[in-house]
Amino acid sequence: MDNELFQILSQIYYEKLERLQDDIKDIKNNQVRIEKKLNLMIAKLTELLEVKIETNSQSEDFKNVDAITPIDLSDITKFKTAK
């Protein structure tokens, strides 16, 4: 009787252990998948940051440009028609 009970409990234990091991494998696989996605996101964010920095530095160049007034536009039109 004791041996039968031991066998039953051992079987239950090993079944549970096997399920836990499968769950751990699934979790590790999901972790790898998530890490790959995070690495892709980091790469994209890095690209976006580089573009933003480049755009900001280019916008600094435009700060030195004076605004075009309606009179300037009128003069530009006159020059174009004079050609």
Side-chain angles (χ1 to χ4, degrees):
M1 180 77 167
D2 287 338
N3 192 23
E4 287 177 35
L5 182 59
F6 177 76
Q7 292 295 329
I8 292 170
L9 290 175
S10 292
Q11 181 67 25
I12 292 170
Y13 171 78
Y14 286 113
E15 287 173 3
K16 296 259 185 205
L17 181 62
E18 190 174 289
R19 280 191 230 140
L20 284 172
Q21 288 172 335
D22 289 343
D23 287 347
I24 289 171
K25 285 179 189 175
D26 289 343
I27 289 170
K28 286 182 179 181
N29 288 336
N30 286 335
Q31 179 182 359
V32 168
R33 186 177 51 83
I34 290 169
E35 286 174 350
K36 287 180 183 178
K37 286 184 177 182
L38 282 173
N39 287 337
L40 286 173
M41 287 176 60
I42 289 169
K44 290 291 181 186
L45 285 171
T46 301
E47 288 176 23
L48 289 172
L49 183 58
E50 288 172 358
V51 168
K52 181 177 180 179
I53 290 170
E54 184 178 311
T55 304
N56 284 345
S57 68
Q58 289 174 354
S59 70
E60 290 293 322
D61 295 338
F62 289 111
K63 287 183 180 177
N64 296 328
V65 175
D66 293 331
I68 297 176
T69 64
I71 295 171
D72 295 332
L73 289 175
S74 173
D75 290 342
I76 291 170
T77 305
K78 288 177 187 175
F79 289 132
K80 282 185 178 181
T81 56
K83 287 183 179 180

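Remark: Glu4 CD is loosely packed, at most 12 non-hydrogen atoms of other residues, nucleotides or ligands lying under 6.0 Å away.
Expressed to the nearest 0.5 Å, how far CG of Leu9 lies from OH of Tyr13 amounts to 12.0 Å. Rounded to the nearest 0.5 angstrom, Ile8 CD1 and Asn3 CG are separated by 10.0 Å. The distance from atom CD of Glu50 to atom OG1 of Thr55, rounded to the nearest 0.5 Å, is 11.5 Å.
Applying the side chain to side chain donor-acceptor pair (under 3.5 Å) criterion to Glu35, with sequence neighbours excluded, gives Gln31. With sequence neighbours left out, the side chain to side chain donor-acceptor pair (under 3.5 Å) criterion links Glu54 to no other residue. Listed by chain and residue number, Gln11 satisfy the side chain to side chain donor-acceptor pair (under 3.5 Å) test with Glu15 (two or more places apart in sequence, or in another chain). Remark: Tyr14 pairs with Ser10, Leu17 by the side chain to side chain contact (heavy atoms under 4.5 Å, CB included) rule, at least two apart or across chains.
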Checklist entry - Lys28 and Lys25: side-chain contact (heavy atoms from CB on, under 4.5 Å), yes or no, with the steps? => result CA-CA 5 Å; Lys28 286 182 179 181; Lys25 285 179 189 175; 5.8 Å; no
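At least one side-chain heavy atom of Lys44 sits less than 4.5 Å from a side-chain heavy atom of Glu47.
Counting Ile, Leu, Val, Met, Phe, Trp and Tyr side chains that sit under 4.5 Å apart, directly or through other members, Ile53 shares a hydrophobic cluster with Leu49. Cluster note: Ile27 groups with no other residue, as no ILVMFWY side-chain heavy atom lies under 4.5 Å from it.
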